[in-house]
Amino acid sequence: MPNRPNRPNTGAAPLMIAVLGAAGRMGSTVCDAVQGAPDLALGPRLDVGDDVAALAGRGVSVAVDFTVPSATEANVHALIDAGIHAVVGTTGWTEDSLARVRTHLAEDGRGLGVLVAPNFALSAVLAMRFAAQAARYFESAEVIELHHPNKVDAPSGTAMHTARAIAAVRTQAGLGTGPDATESTLDGARGAVVDGVHVHAVRLRGLVAHEEILFGNPGEQLTIRTDSFERSSFMPGVLLATRTVAERPGLTVGLDGYLDLG
Ligand SMILES: NC(=O)c1ccc[n+]([C@@H]2O[C@H](COP(=O)([O-])OP(=O)(O)OC[C@H]3O[C@@H](n4cnc5c(N)ncnc54)[C@H](O)[C@@H]3O)[C@@H](O)[C@H]2O)c1
Ligand SMILES: O=C(O)C1=N[C@H](C(=O)O)CCC1
């Protein structure tokens with residue numbers, strides 16, 4: 001990755017990486033990526049029904065979690081108890097669940113690192129950053145996320161993160177909610193509302209993961225768009241995180257925290 005070399009770990013022994021959700025679309029792609037990295041060793045592959053606590057004492061340095069929103073928080077607490085750093089791509093995190101992990105890490109006191117990142121693709125990380133930069137300058141802002149139809153959750157974690165960031169900047173800049181005189185004749189017609197920002201979810205065969213952030217002012221529009229056409233787009237970010245999570249104790253939310261974005 002530019003500006004933050006995704007350099008292989010040069011230590012003597014390869015880092016052993018466990019994968020949770022290893023049978024899934026992302027988990028299996030992560031297993032292949034880890035196997036293709038000379039400085040990393042693929043360790044235990046866990047899926048539904050497997051015991052995360054049993055990873056303790058097996059030489060695992062880092063676990064990567066791509067499971068389901070209902071399981072991921074419990075997995076992370078079990079990984080902390082097992083003394084294993086965690087790289088988490090699973091969606092569904094809330095301020096409360098993140099706070100519980102922060103507290104657990106502080107109480108544990110061993111300097112473990114946990115990264116929770118809604119999107120590991122560089123284009124998505126930059127799109128979120130650019131959207132936060134633009135947010136203060138526009139009257140209107142809406143988010144459209146577009147994904148494959150097998151996705152279990154909506155809105156996407158990326159869209160939630162994007163909308164929350166836009167909302168925080170708008171509040172700081174003294175902007176209220178965007179102009180909107182519409183009275184919907186059908187529930188859902190204006191999408192979901194995340195901290196005052198409308199978020200629309202499209203599910204379409206053929207898509208992988210895409211997002212458009214629309215900003216409007218009188219007479220002008222800014223569109224920021226990110227497209228992941230293949231799951232390989234997430235792998236440089238995942239590998240970067242597995243190599244560096246141990247150097248970043250505590251909880252980090254978002255891969256931008258690991259990049260030198262300025
Ligand atoms: N952060 C990112 O860049 C990124 C990218 C793609 C997907 N995701 C997210 O990753 C998650 C997984 O996506 P996917 O497309 O791979 O889904 P998937 O349904 O293909 O895979 C999920 C896997 O988790 C397994 N699983 C369920 N409960 C489990 C548990 N308790 N312990 C271990 N394994 C369990 C399932 O059996 C399945 O194999 C979703 O939340 C998705 O939104 C994030
Ligand atoms: O395919 C998915 O599911 C994805 N989930 C993440 C999200 O919800 O933002 C990231 C993009 C792909």
Side-chain angles (χ1 to χ4, degrees), residues 1 18-33 44-55 63-79 82 86-94 97 114-128 131 143-165 192 194 199-213 225-242 245 252-259:
M1 271 188 174
V19 178
L20 279 55
R25 285 176 288 268
M26 282 299 291
S28 57
T29 311
V30 171
C31 290
D32 292 345
R45 288 172 250 196
L46 275 57
D47 207 273
V48 67
D50 293 331
D51 182 13
V52 179
L55 290 177
V64 179
D65 182 302
F66 280 100
T67 58
V68 287
S70 56
T72 187
E73 185 191 347
N75 287 344
V76 170
H77 289 295
L79 290 169
V87 170
V88 181
T90 312
T91 50
W93 289 85
T94 63
S97 56
V114 174
L115 170 67
V116 176
N119 203 308
F120 283 96
L122 181 60
S123 62
V125 174
L126 290 174
M128 288 187 272
V143 178
I144 307 171
E145 54 98 329
L146 312 91
H147 283 83
H148 60 93
N150 302 108
K151 182 167 176 58
V152 292
D153 57 322
S156 71
T158 310
M160 297 281 285
H161 196 77
T162 308
R164 285 184 187 132
V194 178
V199 177
H200 311 267
V202 176
R203 295 292 174 266
L204 205 69
R205 186 65 72 202
L207 296 181
V208 177
H210 316 257
E211 182 172 288
E212 274 190 12
I213 306 128
R225 181 170 173 120
T226 165
D227 295 281
S228 276
F229 302 112
E230 296 178 359
R231 290 186 176 81
S232 58
S233 63
F234 304 114
M235 294 305 115
V238 172
L239 295 188
L240 167 70
T242 61
V245 63
T252 304
V253 179
L255 185 65
D256 53 327
Y258 279 34
L259 304 173

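Owing to the predicted nature of the structure, the values given are computational and were not obtained by experimental measurement. Side chains included, hydrogens not; waters and symmetry mates left out as well; all remaining heavy atoms used. Every number for a ligand or one of its atoms is a count from 1 in the order of the listing. Positions are given from 1, in the same order as the sequence printed here.
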**Study point:** For atom 22 (C) of ligand 1, closest protein heavy-atom neighbour
**Key:** Thr67 O, 3.6 Å

Point to revise | Part of Phe234 within contact of ligand 1 (heavy atoms, under 4.0 Å) | key: side chain

Revision key, fill the gap. Rounded to the nearest 0.5 Å, the CG atom of Asn119 sits from the CG atom of Asp256 at a distance of 11.0 Å

Study note, to complete from the structure: At under 4.0 Å between heavy atoms, what of His147 touches ligand 2? The answer is side chain

**Study point:** atom 10 (C) of ligand 2 [closest protein heavy-atom partner, distance rounded to 0.1 Å]
**Key:** Pro118 O, 3.4 Å

Practice item. Within a distance under 4.0 Å of any heavy atom of Ala71, pick out the atoms of ligand 1 and give their elements. Key: 30 (C), 31 (N)

Check your understanding: What is the nearest protein non-hydrogen atom to atom 21 (O) of ligand 1, stated with its residue, atom name and distance?
Key -> Gly24 CA, 3.3 Å

**Study point:** Step-by-step side chain to side chain contact (heavy atoms under 4.5 Å, CB included) determination, Arg164 to Val194
**Key:** CA-CA 7 Å; Arg164 285 184 187 132; Val194 178; 3.9 Å; yes

**Study point:** Side-chain donor/acceptor of Thr242 to backbone N/O of Leu239, under 3.5 Å
**Key:** yes

Check your understanding: What is the nearest protein non-hydrogen atom to atom 12 (C) of ligand 2, stated with its residue, atom name and distance?
Key -> Ala209 CB, 3.5 Å

**Study point:** Thr90: numbered ligand 1 atoms lying under 4.0 Å from its heavy atoms
**Key:** 10 (O), 41 (O)

Check your understanding: What is the distance from atom CE of Met128 to atom OG1 of Thr162, rounded to the nearest 0.5 Å?
Key -> 5.5 Å

Check your understanding: For ligand 2, which part of Thr158 has a heavy atom less than 4.0 Å away: the side chain, the backbone, both, or neither?
Key -> both

Study note, to complete from the structure: Ranking Val88, Thr91, Thr72 by closest non-hydrogen atom to atom 41 (O) of ligand 1, top hit is Thr91

Revision key, fill the gap. The protein heavy atom nearest to atom 44 (C) of ligand 1 is Gly89 O, 2.9 Å

Check your understanding: For ligand 1, is Leu20 a contact, meaning one of its heavy atoms is under 4.0 Å away?
Key -> no

**Study point:** 4.0 Å heavy-atom contact, Glu211 with ligand 2
**Key:** no

Point to revise | Ser156: numbered ligand 2 atoms lying under 4.0 Å from its heavy atoms | key: 7 (C), 8 (O), 9 (O)

Practice item. Identify, for atom 27 (C) of ligand 1, the protein heavy atom at the shortest distance, and state residue, atom and that distance. Key: Val68 CG2, 3.7 Å

**Study point:** Gap between atom OG1 of Thr67 and atom CD of Glu73 - 0.5 Å precision
**Key:** 11.5 Å

Exercise for review: Check ligand 2 against Gly157 and write out every atom of the ligand that is under 4.0 Å from a heavy-atom position of the residue.
Suggested key: 7 (C), 8 (O), 9 (O)

Review point. What atoms of ligand 2 come closer than 4.0 angstrom to any heavy atom of Thr91?
Key: 6 (C), 7 (C), 8 (O)

Revision key, fill the gap. Test side chain to side chain contact (heavy atoms under 4.5 Å, CB included), reference Thr90, set Val76, Asp65, Asn75, output is Asp65

Practice item. State whether the side chain of Thr72 and the backbone N or O of Val68 hold a donor-acceptor pair below 3.5 Å, judged by distance alone. Key: no

Practice item. Please identify which atoms of ligand 1 are closer than 4.0 Å to at least one heavy atom of Asn119. Key: 1 (N), 2 (C), 3 (O)

Practice item. Measure the spacing between CG of Leu115 and CG of Leu240 and express it to the nearest 0.5 Å. Key: 9.0 Å

Practice item. Without swapping roles, check the side chain of Ser123 against the backbone of Thr226 for a donor-acceptor pair under 3.5 Å. Key: no

Practice item. Of the side chain and backbone of Ala117, name the one, both, or neither that has a heavy atom under 4.0 Å from an atom of ligand 1. Key: backbone

Revision key, fill the gap. Nearest non-hydrogen protein atom to atom 3 (O) of ligand 1, with distance, is Phe120 N, 2.8 Å

Review point. Does ligand 2 have a heavy atom under 4.0 Å from the side chain of His148, from its backbone, from both, or from neither?
Key: side chain

Practice item. Could you tell me whether the side chain of Asp227 and the main chain of Phe229 form a donor-acceptor pair under 3.5 Å? Key: no

Check your understanding: Counting from 1, what ligand 1 atoms have a heavy atom of Lys151 closer than 4.0 Å?
Key -> 43 (O)

Point to revise | Residue pair Leu122, Leu259: steps toward the side chain to side chain contact (heavy atoms under 4.5 Å, CB included) verdict | key: CA-CA 10 Å; Leu122 181 60; Leu259 304 173; 4.1 Å; yes

Point to revise | Criterion side chain to side chain contact (heavy atoms under 4.5 Å, CB included) on Met160 and Thr91, from CA distance to verdict | key: CA-CA 10 Å; Met160 297 281 285; Thr91 50; over 6 Å; no

Review point. Yes or no on side chain to side chain contact (heavy atoms under 4.5 Å, CB included) for Phe120 and Phe66, after CA distance, side-chain angles and deciding distance?
Key: CA-CA 12 Å; Phe120 283 96; Phe66 280 100; 3.8 Å; yes

Practice item. Run the salt-bridge test on Arg45 and Asp47 with the 4.0 Å N-O cut-off and return the result as yes or no. Key: no

Revision key, fill the gap. protein heavy-atom neighbour closest to atom 15 (O) of ligand 1 works out as Arg25 NE, 3.0 Å

Exercise for review: Pick out which of Lys151, His210, Arg203 makes a side-chain hydrogen bond (donor to acceptor under 3.5 Å, both in side chains) with Glu145.
Suggested key: Arg203

Revision key, fill the gap. OG1 of Thr29 to CZ of Phe234, rounded to nearest 0.5 Å, is 9.5 Å

Revision key, fill the gap. Closest to atom 34 (N) of ligand 1 (heavy atoms only, candidates Val48, Val208, Val238) is Val48

Practice item. Please write down residue, atom name and distance for the protein heavy atom closest to atom 10 (O) of ligand 1. Key: Phe66 CD2, 3.3 Å

Study note, to complete from the structure: One finds that the ligand 2 atoms under 4.0 Å from a non-hydrogen atom of Asn119 are 10 (C), 11 (C)

Point to revise | Closest protein heavy atom to atom 3 (O) of ligand 2, given as residue, atom name and distance to 0.1 Å | key: Lys151 NZ, 2.9 Å

Check your understanding: What part of Pro118 sits under 4.0 Å from ligand 1 if we count only heavy atoms: the side chain, the backbone, both or neither?
Key -> backbone

Check your understanding: If you measure from CG on Leu55 to CG on Leu20, what distance do you get to the nearest 0.5 Å?
Key -> 6.5 Å

Review point. Which of the atoms in ligand 1, numbered in the order shown and given with their element, are less than 4.0 Å from a heavy-atom of Met26?
Key: 5 (C), 6 (C), 7 (C), 16 (O)

Review point. Which heavy atom of the protein is the closest neighbour of atom 37 (O) of ligand 1, given with residue, atom name and distance?
Key: Asp47 OD1, 2.4 Å

